[in-house]
Amino acid sequence: MRKEVPLIITFLAGAFFIADYFIPHTGFSDLAAKINGWAIIVLAASYILGVLNILRINYGRVAKREKDWILKLILVLCMFFMLGAGIFGGITEGTLFDWFFVNTFTPMQATMFALLAFYIASAAFRAFRVRTVQAALLAITAVLVMIGRVPIGETIWKSFPDFTEWIMNVPQLAGKRAILIGAALGAIATGLKVITGLERTYMGQD
Amino acid sequence: MGAFLTLGIISFLYKDNPWYKFCEALFVGISAGYWFCTVFWSQFVAKLWDNIYPTAGQPRQYVYLVGGILGLMMLLRLVPKIGWFSRWPLAFVVGGTAGAYLIGYALSNGMKQVKSTILPLWVSGNLNATVGNIILVVGTFCGLIYFFFSKEQKGTYGKVAKLGIFFLMITFGASFGYTVMARMSLLIGRMDFLFGTWLGLIK
């Protein structure tokens, strides 16, 4: 029951969605859409687990008055506030939930990502200190792509944007295709291993 | 409020400080609440509730209750004694995703990319296209050779693989350049907000 049933379910679910590609029948596609709906509901339930997990972890720290417990309390209160506003007031435009999303979540998320510019630059500097042909190629391509995408590139050399476009469409695309084909082969192999039960790590330990 | 939070996050550039920590806690809490509510309305309500309690005139689709039961089984993970039941919905999602992605990846990332790489190596009267096609085909082939680890990469084979690494480095460099540009664009956006929208210094 603990091992065999999940393996059978995995096989049946995997085989069903593969079969969906090969059976062009409306009835079968409708059934696939319904079963896909089940998966979406299960994934939605996993978000409940996520929220409960956040609560479990932070409740312990607040209860024990551990270091930065006030911040953990703020975190939990903010989460409950958004949950309350979103579930009872809705998430459409003009709601309290939407107001908080626009005025708190959006600016903080954009700033967090913007900060990464500094850390990427710092990491790049350290990476480029490794003096190899590969590192030089990476750095030169990055610089060329960046300059070619801003007005100063065209000021330096009229054909700079075209040259950048050529880099993107030819050598960059060659590497990208190799990665995509390699990833596809990897995904096929991993998928088959999961469906046939050779890969079971998702079940965790006994 | 936007400016206060933006400055709080930026303050991390100086060092980790209470203002940043406060903003971070706020961000994590709001994010968790935001994503849960979005999923609640767009997936839970839309797929489960609306199908079981549809608008007038629509038939009830009890088949979606199976999804609800599987979802409940997922929550059993919180009860140690019967936590193993959560493997069933997990197995369903993992198996279904593996099946759907297997064909999806094979078609879009595999077949389509291979098909697009089978190009003529001589384009009459167009040197640019000829050179481009040769580089594209050779680069893709060498890149794939690099990913083939079943044979030791030395000798001629190793040289081909090394050429593949060069193409991969160009790809990573271009991606890096794009990422930096995107982050810079966001930073400019935040500065525009602070100095334009908030302080009114930029007209």
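A note on names: the letters A, B, ... follow the listed sequences, proteins ahead of strands, and every chain is numbered from 1.
- B:N51 does not touch chain A: none of its heavy atoms, backbone or side chain, sits under 4.5 Å away.
- The candidate from A:G191, A:A121, A:P107, A:A184 with the greatest count of non-hydrogen atom pairs under 4.5 Å with chain B is A:P107.
- In terms of non-hydrogen atom pairs under 4.5 Å with chain B, the most contact-rich of A:Y47, A:F100, A:F17 is A:Y47.
- With a 4.5 Å cut-off on non-hydrogen atoms, B:F44 touches chain A through its backbone and its side chain both.
- Under the 6.0 Å cut-off for aromatic ring centres, A:F105 and B:Y34 qualify, their centroids lying closer than that.
- The side-chain tip of B:K162 does not point at the ring of B:Y146 from less than 6.0 angstrom away and within 45° of straight on.
- Among A:L192, A:T190, A:L173, A:L180, the residue with the largest count of heavy-atom pairs under 4.5 Å with chain B is A:L180.
- In summary, A:E154 and A:R149 do not engage in a salt bridge, as defined by a charged side-chain N under 4.0 Å from a carboxylate O.
- Put simply, of A:A45, A:A183, A:C78, the one with the most heavy-atom pairs under 4.5 Å next to chain B is A:C78.
- The ring of B:W19 has its center closer than 6.0 angstrom to the ring center of B:F4.
- Here A:I91 is the residue among A:I91, A:V150, A:V145 with the most heavy-atom pairs under 4.5 Å with chain B.
- Comparing A:I40, A:D20, A:V194 by how many heavy-atom pairs each has under 4.5 Å with chain B, the most go to A:I40.
- Using a 4.5 Å cut-off between heavy atoms, B:F166 contacts chain A through both its backbone and its side chain.
- Cation-pi geometry between B:R60 and B:Y62 is not met: the NZ or CZ atom fails to fall both under 6.0 Å from the ring centre and inside 45° of the normal.
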